[in-house]
Amino acid sequence: MDVKTVVTYNTVISACAKAGEVGMAKSLLQRMTKHGGTGVRPDIVSFNSVISACANQSRWKDALRILDKCHRTPGVDPDIITYTNAMRACAKGGNPERALMLLQVVKDKGLRLDNYCYAAVIDACAKGKMWKRALELLEEMREQHGITPNEIAYSVTITACGNGGQWKKSLELLEQMKSLGLNVNLITYNAVITALSKAARRNTRNNRAHDKHDDLWKKALELLDEIKEKGYEPDGFSYSAAITCCGAGGKWEEALGLIRKMQKGGPRSRPNKVAFSAAISACGRSGRHKEALELFTDMKEQGLQPDIVAYNAVFSALRVAEEPDEAYRLWQEMCGKAGTSSIPSTKIATARADGSVHPDIITITDVIGALSHEDGGDIASGNERSKRRIDAVFREAVSRGIVLKGTLDSSHEIDLSGLSLPVARAAVRYIFRDIEIGARGEAKQPQDAVVLITGVGKAWIPRGSNHIQQQDSDGLPLRDLVQQVLLQDFDPPIKSLIPRLAQGTVEVSKEEVESWLSKTRP
């Protein structure tokens, strides 16, 4: 075999791998295997380079196919590097089970295990949220194989614990690293702060954002100070995670302070979309809508196009702060309808949507929730401007396929469960107006009973709400609130019933629909 030719092939394959040209690397390997009889036969370096290229591109299936080909190639035996690269591919491809199987193969073959091999498997466990298995592997390294875990092994284990909601374990591992004299670099610190931020977001979702015993935001700020004491400069990941912790803890002033520090820092610490969105959310949860809007404007002025997370954070702030006019203006601009409103221009007008950001159900919930403040949130209120605005937003949401997707069929059975009361209220008005329009059309549609699926639980109340749901309807099931809407939002009122055998629904009989339509006809 011409060694120089093999080295040449391997050099080119390696270059392709570094450039992300997986297809070309695979093609070259294929050419070598086909022409083995002419003296150009792949060696273990050839296979390792291609499997590494697959790992870098998260192509775990390709990596395993090439590993299998390596097994079947005479004179080539996979080594620890081969398996480590294959495990990396499985980790990046989100397949921890395959990575663990490969680790067992390595053990069965008696290959010498090392930190990199274990780090690849633990990383796979981290991505699969298998934090217990990750801790077991870290312990296995020490106890069964006499391998002292290095910084990489600890970092991926900390990430695994963070992904599994085990922030205390992440802090314990950090302390272990310090006690062992291991170098704690910025990547490791970021993994710990990210673990804190994920726990903070989880607390927020479970309405535990202000649990004093956690004080996650304090721990995040302490770690930022520790990073600086070590001589590192916190980067965008460090600050963004810390800002998330502050926001979840209701510490909007601290979140703003971190944004300002980022703006004064170097290129690596400049605020990114994640940091801005987290800071806006922090202000939003505290009802600091002016600060949220200023951050939103700053974001645009720095050339960062706000994404749906940033928009929703502002809408949430406007809902909590009871600012319907600002919410409606931002909604119009997000939908490309700026300038159609008579609302006076404010700072928010600088934030023009470019059409790349599309509203979702969270957007609709907060926008309609904000607009419902205009009439005091009272079902019986007669604020027609508020209703017109809410109905316009809901129509747009239907046209975009955000709500009532595929539910307005001939049977008129519509699922409202899971919607907040303001959105469900808008949905009921939309449904019966749609029925009315259909009845007045040239091709009159046959009428049928209308069944509104509500479930039997209480109406969903967005965090920070302090209007209708809290004041007038606290504790009522959504089905009862829907019945109120049918009576109070329509003239003449629409009578409904709750079927004895379907307690999670509100039914308007065919006769009642026809009677209502006859009274609404001009």
Side-chain angles (χ1 to χ4, degrees), residues 18-20 56-58 92 123 126 151-152 154-156 158-159 162-163 170 174 177 182-198 200-201 216-248 251-284 291-314 347-348 350-354 356-357:
K18 291 178 182 178
N56 294 339
Q57 298 294 318
S58 306
K92 290 198 171 187
D123 185 38
E151 293 86 346
I152 299 173
Y154 266 104
S155 290
V156 291
I158 288 171
T159 298
N163 290 347
S170 293
L174 177 64
M177 291 183 70
L182 294 173
N183 177 48
V184 182
N185 58 26
L186 184 59
I187 294 173
T188 306
Y189 275 116
N190 283 350
V192 180
I193 301 176
T194 299
L196 296 175
S197 72
K198 288 181 178 180
R201 286 197 296 271
L216 299 177
W217 67 275
K218 285 185 179 179
K219 293 178 174 62
L221 295 183
E222 288 170 2
L223 287 172
L224 282 182
D225 290 338
E226 196 172 307
I227 289 172
K228 295 173 186 174
E229 290 171 4
K230 282 271 193 176
Y232 301 122
E233 179 186 357
D235 59 14
F237 292 103
S238 320
Y239 279 114
S240 297
I243 291 170
T244 298
C245 291
C246 292
K251 303 299 177 181
W252 64 272
E253 291 175 299
E254 285 78 2
L256 281 180
L258 291 176
I259 279 285
R260 303 309 175 208
K261 285 183 180 179
M262 293 180 78
Q263 290 173 327
K264 294 176 182 177
R268 294 183 66 229
S269 66
R270 301 294 291 177
N272 53 22
K273 285 185 180 182
V274 176
F276 269 115
S277 297
I280 292 170
S281 296
C283 295
E291 289 81 0
L293 292 176
E294 287 176 2
L295 286 170
F296 192 78
T297 302
D298 288 349
M299 188 176 183
K300 292 285 290 184
E301 290 177 347
Q302 293 187 24
L304 296 173
Q305 173 60 40
D307 56 14
I308 188 61
V309 176
Y311 272 99
N312 285 347
V314 177
K347 269 191 173 184
I348 204 169
T350 63
R352 304 292 181 187
D354 64 358
S356 63
V357 182

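Computed from a predicted structure; not experimentally measured. No hydrogens, no waters, no symmetry mates; every other heavy atom, side chains included, goes into these values.
Annotation: side chain to side chain donor-acceptor pair (under 3.5 Å) contacts of Tyr154 (sequence neighbours excluded): Arg142, Gln176. Applying the salt bridge (Lys or Arg N to Asp or Glu O under 4.0 Å) criterion to Glu226, with sequence neighbours excluded, gives Lys178. In this structure, the side-chain contact (heavy atoms from CB on, under 4.5 Å) partners of Asn183, at least two apart in sequence or on a different chain, are Glu151, Asn185, Tyr232. With sequence neighbours excluded, the residues satisfying side-chain contact (heavy atoms from CB on, under 4.5 Å) with Val156 are Ala119, Ile122, Asp123. Residues satisfying the side chain to side chain donor-acceptor pair (under 3.5 Å) test with Ser197, not counting sequence neighbours, are none. The side chain to side chain donor-acceptor pair (under 3.5 Å) test applied to Asp235 returns Asn190, Ser238, not counting sequence neighbours. Residues passing the side chain to side chain donor-acceptor pair (under 3.5 Å) test with Asp307: none are found, sequence neighbours excluded.
Under the 4.5 Å side-chain criterion, counting only non-hydrogen atoms from C-beta, Ile227 is in contact with Ile193. Lys251 has its side chain out of reach of Leu221: every pair of non-hydrogen atoms, C-beta onward, lies at least 4.5 Å apart. Looking at heavy atoms from C-beta onward, Val357 lies out of side-chain contact with Pro306 at the 4.5 angstrom threshold.
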Hey, can you pull the donor-acceptor pairs under 3.5 Å for the side chains in residues 252-268, sequence neighbours left out?
{"residue": "Arg260", "atom": "NH1", "partner": "Gln263", "partner atom": "OE1", "Å": "3.1"}
{"residue": "Arg260", "atom": "NH1", "partner": "Asp298", "partner atom": "OD2", "Å": "3.4"}

N/O donor to acceptor pairs below 3.5 angstrom from side-chain atoms of residues 273-283, sequence neighbours left out:
{"residue": "Lys273", "atom": "NZ", "partner": "Gln305", "partner atom": "O", "Å": "3.1"}
{"residue": "Ser277", "atom": "OG", "partner": "Lys273", "partner atom": "O", "Å": "2.9"}
{"residue": "Ser281", "atom": "OG", "partner": "Ser277", "partner atom": "O", "Å": "2.9"}

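The heavy-atom pair separating Ala242 from Leu224 by the smallest distance is CB-CD1, 3.6 Å.
Taking CG of Asn272 as the start and OH of Tyr239 as the end, the distance is 12.5 Å to the nearest 0.5 Å. Distance check: Trp217 CH2 to Glu222 CD gives 9.0 Å after rounding to the nearest 0.5 Å. Annotation: the span from Lys198 atom NZ to Ser170 atom OG amounts to 9.5 Å, rounded to 0.5 Å. Atom SG of Cys245 is separated from atom CZ of Arg201 by 8.5 Å, given to the nearest 0.5 angstrom. Atom OH of Tyr189 sits about 6.0 Å away from atom CG of Leu174, to the nearest 0.5 Å.
Heavy-atom contacts from other residues, nucleotides or ligands closer than 6.0 Å to NZ of Lys228 number more than 12. Within a 6.0 Å sphere centred on CG of Leu186, other residues, nucleotides and ligands contribute more than 12 heavy atoms.
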Intermediate values then yes/no, side-chain contact (heavy atoms from CB on, under 4.5 Å), Thr188 and Leu182: CA-CA 11 Å; Thr188 306; Leu182 294 173; over 6 Å; no

